[in-house]
Amino acid sequence: AVAYAVHKIRANLQIDAARLDRRVLAITSPASGNGKTSVVMALGMSFASSHSRVLLVDADLIGGGLTARLKPRVRRNIIDIIRQNSIVTEQQIAQASKFANQNTNQLLQALVDFKFIDRKTLDEAVAIHRESNMGVLEALAGEPLNKCVAETQWPNSFILPRGDATPAEAVELSPMALRRLLQQARLSFDIVLIDTGPLFGSIEATVAAAEADGTILIVSRGESASFVRRAVRDLSALGAHGVGAQRTHAA
């Protein structure tokens with residue numbers, strides 16, 4: 001019964017996406033503990049099962065629920081690190097690539113063999129690569145979106161994780177930066193689901209709801225009716241397009 005309900009909601013959202021071009025959806029709740037992350041994951045799986053390319057965005061910089069559950073790790077591309085931190089040229093990279101057969105390890109070894117970089121520089125780049133943890137802040141700062149996302153365990157489903165973002169860095173989530181990120185996402189994905197923080201108590205929810213094509217409000221059983229009405233009023237004041245309210249059994 002639960003699976004059927006999720007698939008039915010997804011089908012309705014797909015109809016809206018096709019008819020009104022509402023492909024970017026923010027999912028929020030009046031407060032924490034309403035089950036919004038579970039709904040995001042369930043909807044993501046449902047969209048993916050219908051052969052839509054889905055991007056889940058973990059924009060909840062306090063809770064980070066999607067990242068905690070799916071445990072993605074996106075490392076910075078080691079060739080990009082070498083480009084940024086050494087004097088190696090594009091011509092040298094192209095020359096070394098001829099001997100690499102599209103194998104990154106062979107390319108790195110070729111750069112050393114040709115003496116384009118020394119072993120110490122390579123070891124430092126490898127260390128930076130292993131310690132890197134890219135995510136939503138890097139994408140907002142201008143890194144190409146495809147270098148910041150990871151595949152999930154479900155075909156057609158991808159995640160832009162929280163990465164190393166901290167709650168204090170929520171102030172970096174500007175409308176203009178998020179708008180630019182979402183424009184990139186539209187080029188590669190059929191549907192984008194943004195898991196935000198709760199509406200009351202996070203900057204992320206406010207920005208995401210204003211920039212998304214539509215907003216879904218997740219309300220758990222027993223939530224204060226006045227609290228929910230206040231949430232609806234605030235979303236309306238932001239100019240958010242409400243596409244529905246979903247009640248969950250979360251505590």
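In what follows, residues are counted from 1 in the order of the sequence shown. Hydrogens, waters and symmetry mates play no part in the numbers below; they use all other heavy atoms, side chains included.
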CZ (R69) with more than 12 external heavy atoms under 6.0 Å: yes
Donor-acceptor under 3.5 Å (R22 side chain, I15 main chain): no
Separation between CE of M45 and NE2 of H7, rounded to the nearest 0.5 Å: 8.0 Å
Sidechain N-carboxylate O distance under 4.0 Å for R186, D21: yes
Nearest atoms (heavy-atom pairs only) where G201 meets I62: O-CD1, 4.0 Å
Transitive ILVMFWY side-chain link I117 to F99, under 4.5 Å: yes
Steps toward side-chain contact (heavy atoms from CB on, under 4.5 Å) verdict (T215, H241): CA-CA 6 Å; T215 301; H241 300 287; over 6 Å; no
L145 with M134, same ILVMFWY side-chain cluster at under 4.5 Å: no
Donor-acceptor pair between D80 and Q84 side chains, under 3.5 angstrom: no
Min side-chain heavy-atom separation T121-N85 under 4.5 Å: no
S202 side-chain N/O to P198 backbone N/O, donor-acceptor pair under 3.5 Å: yes
CD on Q183 to CG on L187, rounded to 0.5 Å: 8.5 Å
Exercise: identify the closest heavy-atom pair between L61 and A165: CD2-CB, 3.9 Å
Test item: R76 side-chain N/O and I81 main-chain N/O as donor-acceptor pair under 3.5 Å: no
Cluster overlap L181 with V74, hydrophobic side-chain contacts below 4.5 Å: no
L55 side chain reached by L160 side chain, heavy atoms, under 4.5 Å: yes
Sub-4.5 Å side-chain heavy-atom contact between L217 and T28: yes
D213 side, atom CG; L20 side, atom CG - distance, nearest 0.5 Å: 9.5 Å
S52 side chain vs A48 backbone, donor-acceptor pair below 3.5 Å: no
Cluster check I191, W154: I/L/V/M/F/W/Y, side chain < 4.5 angstrom: yes
For the student: nearest non-hydrogen atoms of G65 and D58, plus distance: N-OD2, 3.9 Å
Nearest heavy atoms of L235 and A209, plus distance in Å: CD2-CB, 3.8 Å
Derivation of the side-chain contact (heavy atoms from CB on, under 4.5 Å) call for T196 and I27: CA-CA 6 Å; T196 78; I27 292 86; over 6 Å; no
Test applied, side chain to side chain contact (heavy atoms under 4.5 Å, CB included); reference residue, D195; option that passes from E204, K36, M41, R162: K36
E131 backbone acceptor or donor facing R75 side chain under 3.5 Å: no
Residue pair L108 / V112, side-chain heavy-atom distance below 4.5 Å: no
Donor + acceptor pair across side chains of E169, T166 (<3.5 Å): yes
Student check: side-chain heavy atoms of V40 and L66 closer than 4.5 Å: yes
Check: F47 main-chain N/O paired with S50 side-chain donor or acceptor under 3.5 Å: yes
Criterion side-chain contact (heavy atoms from CB on, under 4.5 Å) on F114 and Q92, from CA distance to verdict: CA-CA 9 Å; F114 284 125; Q92 290 171 333; over 6 Å; no
Contact check, side chains of R83 and I93, non-hydrogen atoms, under 4.5 Å: yes
Distance (rounded to the nearest 0.5 Å) between I159 CD1 and C148 SG: 12.5 Å
Q95 CD: over 12 foreign heavy atoms closer than 6.0 Å: yes
Geometric cation-pi criterion, R230 with F200: 6.0 Å, 45°: yes
Exercise: identify the closest heavy-atom pair between F227 and A31: CE2-CB, 3.8 Å
Backbone N/O of N34 and side chain of S220: donor-acceptor pair under 3.5 Å: no
Short side-chain to backbone donor-acceptor contact, E138 and G135, under 3.5 Å: yes
Spacing of CD belonging to E143 relative to CG belonging to N77, to within rounding of 0.5 Å: 10.0 Å
Exercise: do Q14 and R10 side chains pair donor with acceptor under 3.5 Å: yes
Atom pair CD (E151) and CG (N156), whose distance is rounded to the nearest 0.5 Å: 10.0 Å
Check: S49 side chain, S46 main-chain N or O, donor-acceptor pair, under 3.5 Å: yes
Transitive ILVMFWY side-chain link I9 to L56, under 4.5 Å: yes
Test side-chain contact (heavy atoms from CB on, under 4.5 Å) applied to I78 and T104, step by step: CA-CA 9 Å; I78 192 167; T104 301; 3.8 Å; yes
Chi angles and distances behind the side-chain hydrogen bond (donor to acceptor under 3.5 Å, both in side chains) call for R53, S157: CA-CA 6 Å; R53 278 177 59 85; S157 180; over 6 Å; no
Minimum side-chain heavy-atom gap L111-I82 below 4.5 Å: yes
Main-chain N/O of K120 paired with D118 side-chain donor or acceptor, under 3.5 Å: yes
Heavy-atom closest contact (R73 atom, N133 atom, distance): CD-OD1, 3.1 Å
Heavy-atom side-chain contact between I194 and L182 under 4.5 Å: yes
